[in-house]
Amino acid sequence: QVQLVESGGGLVQAGGSLRLSCAASGRTFNSYLMGWFRQAPGKEREFVAAMRWSVGSTYYARSVKGRFTISRDHAKDTVYLQMNSLKPEDTAVYYCAADGSTYLRGSYNLPSTYDYWGKGTLVTVSS
């Protein structure tokens, strides 16, 4: 069993920065992808960023590319999301996810690809 726990959310003014962390615990797990998704009230869950766990290749949603950076600490089983130049439209609950697979079995930007999810951390960006 794998547990994912997000931290680092909070209230920040527009133009500010936050760094989210996602720590995996429970056991050593096989995972091809680790990802970040977000969901605002009344909206569908949307892809933010993802990476190939073993090699570090990264992928970003068009809306955050150039502002957000996904990174890893493989030894700590931890994934980070550095968020800069935050906008009010970035306000959402942010979720960490892992696909739990040794191979790519779906698109990196689809929630259905991922088997393990954290409970989320709220990011609120004020104007």
Query - Passing candidate, side-chain contact (heavy atoms from CB on, under 4.5 Å) with Met83, options Asp90, Val12, Leu20, Val48 - result: Leu20
Query raised in the report: Take atom CD in Gln13; do more than 12 heavy atoms of anything else shown fall under 6.0 Å from it?
Result: no
Report task. Tell me whether Val5 is reachable from Val123 by hopping between hydrophobic residues (I, L, V, M, F, W, Y) whose side-chain heavy atoms are closer than 4.5 Å. Result -> no
Report summary line: What one should report as the nearest heavy-atom pair of Leu4 and Ala98 is CD1-N, 3.7 Å
Query raised in the report: So, for Leu86 and Arg67, which heavy atoms are closest and what is the spacing to 0.1 Å?
Result: CA-NH1, 3.9 Å
Query raised in the report: With hydrophobic residues grouped by side-chain heavy-atom distances under 4.5 Å, do Leu33 and Val79 end up in a single group?
Result: no
Query raised in the report: Donor-acceptor pair, Gln39 side chain versus Ala92 backbone, under 3.5 Å?
Result: no
Requested in this report: Answer yes or no: is there a side-chain heavy-atom contact under 4.5 Å between Tyr114 and Tyr108?
Outcome: yes
Query raised in the report: Cluster question for you: counting only ILVMFWY and a side-chain heavy-atom cut-off of under 4.5 Å, with indirect links fine, are Ile70 and Phe68 together?
Result: yes
Report summary line: So OG of Ser21 and CD of Gln82: to nearest 0.5 Å the spacing works out to 9.5 Å
Query raised in the report: So, Glu6 side chain and Cys96 main chain: donor-acceptor pair closer than 3.5 Å or not?
Result: yes
Query - Heavy-atom closest pair, residues Ser17 and Asn84 - result: OG-OD1, 2.9 Å
Query raised in the report: Does Arg19 count as lying over the ring of Tyr80, i.e. NZ or CZ under 6.0 Å from the six-ring centre, within 45 degrees of the axis?
Result: yes
Query raised in the report: Do the side chain of Thr78 and the main chain of Ala23 share a donor and acceptor less than 3.5 angstrom apart?
Result: no
Requested in this report: Kindly give the heavy-atom pair with the smallest separation between Tyr60 and Ala49, and that separation in Å.
Outcome: CD2-CB, 3.7 Å
Query - Name of the residue among Asp99, Asp77, Thr102 meeting side chain to side chain donor-acceptor pair (under 3.5 Å) with Ser31 - result: Asp99
Requested in this report: Drop me the distance from Thr113's OG1 to Tyr32's OH, to the nearest 0.5 angstrom.
Outcome: 11.5 Å
Requested in this report: Indicate whether any N or O donor in one side chain lies under 3.5 Å from an N or O acceptor in the other, for Asn109 and Ser107.
Outcome: yes
Query raised in the report: Which heavy atom in Gly100 sits nearest to a heavy atom in Tyr116, and how many Å separate them?
Result: CA-CE1, 3.9 Å
Query raised in the report: Using the benzene-type ring in the case of Trp, are the ring centres of Tyr59 and Phe47 under 6.0 Å apart?
Result: no
Query raised in the report: Should Val64 and Leu81 be regarded as members of a common hydrophobic cluster, given that ILVMFWY residues are connected when their side-chain heavy atoms come within less than 4.5 Å of each other, either directly or indirectly?
Result: yes
**Report entry** Side chain proximity check, Arg72 to Met34, heavy atoms < 4.5 angstrom
**Finding:** no
Query raised in the report: Could you give the distance from OG (Ser112) to CZ (Arg45), rounded to the nearest 0.5 Å?
Result: 12.0 Å
Query raised in the report: What's the shortest heavy-atom distance between Pro88 and Ser127, and which atoms?
Result: CG-CB, 4.3 Å
Report summary line: dist Leu18:CG -> Leu11:CG (nearest 0.5 Å) comes out at 9.0 Å
